[in-house]
Number of protein chains: 2
Amino acid sequence: MTVIFSKKCEYGLQAVLYLAANMFDDVVRVDVIAQELNIPKEFISKILQSLREHGIIDSKKGKTGGFALAKSPSQIKLIDIVEAIDGLSIFNSCVLGFPNCNPDHPCPVHDKWGKLRTEAYKMLSEETLDKFRDKTLDKIKNL
Amino acid sequence: MTVIFSKKCEYGLQAVLYLAANMFDDVVRVDVIAQELNIPKEFISKILQSLREHGIIDSKKGKTGGFALAKSPSQIKLIDIVEAIDGLSIFNSCVLGFPNCNPDHPCPVHDKWGKLRTEAYKMLSEETLDKFRDKTLDKIKNL
DNA sequence: TTATTTTCAGAATTTTTTGTCTGATTTTAA
DNA sequence: TTAAAATCAGACAAAAAATTCTGAAAATAA
């Protein structure tokens, strides 16, 4: 099997995009997020807690509790979520699994892959959550 | 954690590149491959068997046995190994983990990610093993 | 033919990732 | 003040991926 982001990270990205698209709500309960996105409640709950520890989202406890973004959507980049959950190792470790893959001792595909990787990193670093609101709403609606 | 190719696939790519770089040998024993690449012998053995079933490499049993490419290096593309081991799901499943991600119901990053993915696929489909011989030899030497 | 050396096949084990359960803590509404 | 409804924390369980083990089968050299 092949993966880009872990399931945790995929779900984390989905949830944060969902929160960004629902800014008009004060907070959103974890069971609403879980239901809307078809993610096991207890699992997304753990992921949201970890994103809170990383300062990406805020939580409110108690009867009227739930989750909301910690900052405005325009201040949160996709890479922030990826970094918080999966880390950035994908962007500096060898795609062929060779150790010490660097310009001095490059793996056979070092140059070609490095270019693609840089583009991916750039995309995730440039795009902020506010740019996705409409597309997220549309996607959720058709889930 | 984040992964592009599974460990199996990484090791498979390494081993096939190694075989391509050592075409002057008739066959290479699995314990030599394992030692040169620092891969557990029993594990790479399994991977090589699976690549043989996919027709990418050949094996010879018995006292003078070992493995060799089934075709000339110029006829084997990187994507062949990826497809045999990890499959091509990475190239047509949603990077955010959304179901039914397609042009009709795209995920928020569908367009931007799709472009990168296509480039990656193109690279892996265009590059054949013969182009990597020198770089592979250099990398192995400095492992 | 026989001993040796290799790949082969499948099961078993370990580790990592994913997902679940239990109960405590916090907050609010009645 | 009390009951209800939410998050929180940590242990637990299940599933998947990675790795190892065991012994058979094949081929060659002596």
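Worth saying up front: this structure is predicted, and the values here are computed from it rather than measured. In what follows, every heavy atom counts, from backbone to side chain, and hydrogens, waters and symmetry copies are set aside. Below, chains carry the letters A, B, ... as their sequence lines are ordered, and counting in each starts from 1.
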message = Is there a continuous path of hydrophobic side-chain contacts, each under 4.5 Å between heavy atoms, that joins B/Ile47 to B/Val27?
response = no

inquiry  = Applying side-chain hydrogen bond (donor to acceptor under 3.5 Å, both in side chains), can you list everything that pairs with B/Lys60, at least two apart in sequence or on another chain?
reply    = B/Thr64

inquiry  = Between C1' on D/dT19 and CD1 on B/Ile85, what's the gap in Å once rounded to a whole number?
reply    = 15 Å

request  = Establish, with yes or no, whether the OP1 or OP2 oxygen of D/dC8 is under 4.0 angstrom from a side-chain nitrogen or oxygen of A/Ser59.
outcome  = yes

remark   = Atom CZ of B/Phe5 and atom P of D/dA17 are separated, to the nearest Å, by 16 Å

query = How close or far is atom C1' of C/dT6 from atom CZ of B/Phe67, stated in whole angstroms?
reply = 9 Å

A/Ala20 backbone acceptor or donor facing A/Arg133 side chain under 3.5 Å = yes

query = Could B/Lys7 and B/Glu10 be called an ion pair, given the rule that one side-chain N must be under 4.0 Å from one carboxylate O?
reply = yes

remark   = Scanning both residues in full, the closest heavy-atom pair of A/Ser6 with A/Ile85 reads OG-CG2, 4.4 Å

ask   = In whole angstrom, what separates A/Lys8's NZ from D/dA16's C1'?
value = 14 Å

task = Not counting sequence neighbours, which residues clear salt bridge (charged side-chain N to carboxylate O under 4.0 Å, His left out) with B/Glu127? List them please.
result = A/Lys112

ask   = D/dA17 C1' sits how many Å from B/Glu10 CD, rounded?
value = 13 Å

message = Please list, in numerical order, the residues of residues 42-58 of chain A that have a heavy atom closer than 4.0 Å to any atom of DNA chain D.
response = A/Lys46, A/Gln49, A/Arg52

key: Partners passing ring pair (Phe, Tyr, Trp, His ring centres under 6.0 Å) against A/Tyr11 (at least two apart in sequence or in another chain)   = A/Phe43

task = Report the nucleotide, chosen from C/dT5, D/dA6, D/dT19, that has the shortest atom-to-atom distance to any side-chain atom of B/Lys63.
result = C/dT5

query = Quick one: side-chain hydrogen bond (donor to acceptor under 3.5 Å, both in side chains) partners of A/Ser72, sequence neighbours excluded?
reply = A/Ser74

remark   = 5'-most contact on DNA chain C (nearest-nucleotide basis), A/Pro40 vs B/Asp31, goes to B/Asp31

ask   = According to the interplanar angle, ranging from 0 to 90°, do the rings of A/Trp113 and B/Phe5 count as parallel (below 30°), tilted (30 to 60°) or perpendicular (above 60°)?
value = tilted

query = For the pair made of NZ in A/Lys60 and C1' in C/dT26, what is the distance, rounded to whole Å?
reply = 12 Å

query = A/Ser6 has a side chain; which of D/dT28, D/dT7, C/dT18 sits nearest to it?
reply = C/dT18

request  = Could you check how far NZ of B/Lys7 sits from C1' of D/dT20, rounded to whole Å?
outcome  = 17 Å

Pull out every protein N or O sitting under 3.5 Å from an N or O of nucleotides 23-25 of chain C, one pair per line with the distance.
none

key: A/Tyr11 OH - C/dT18 P separation (whole Å)   = 9 Å

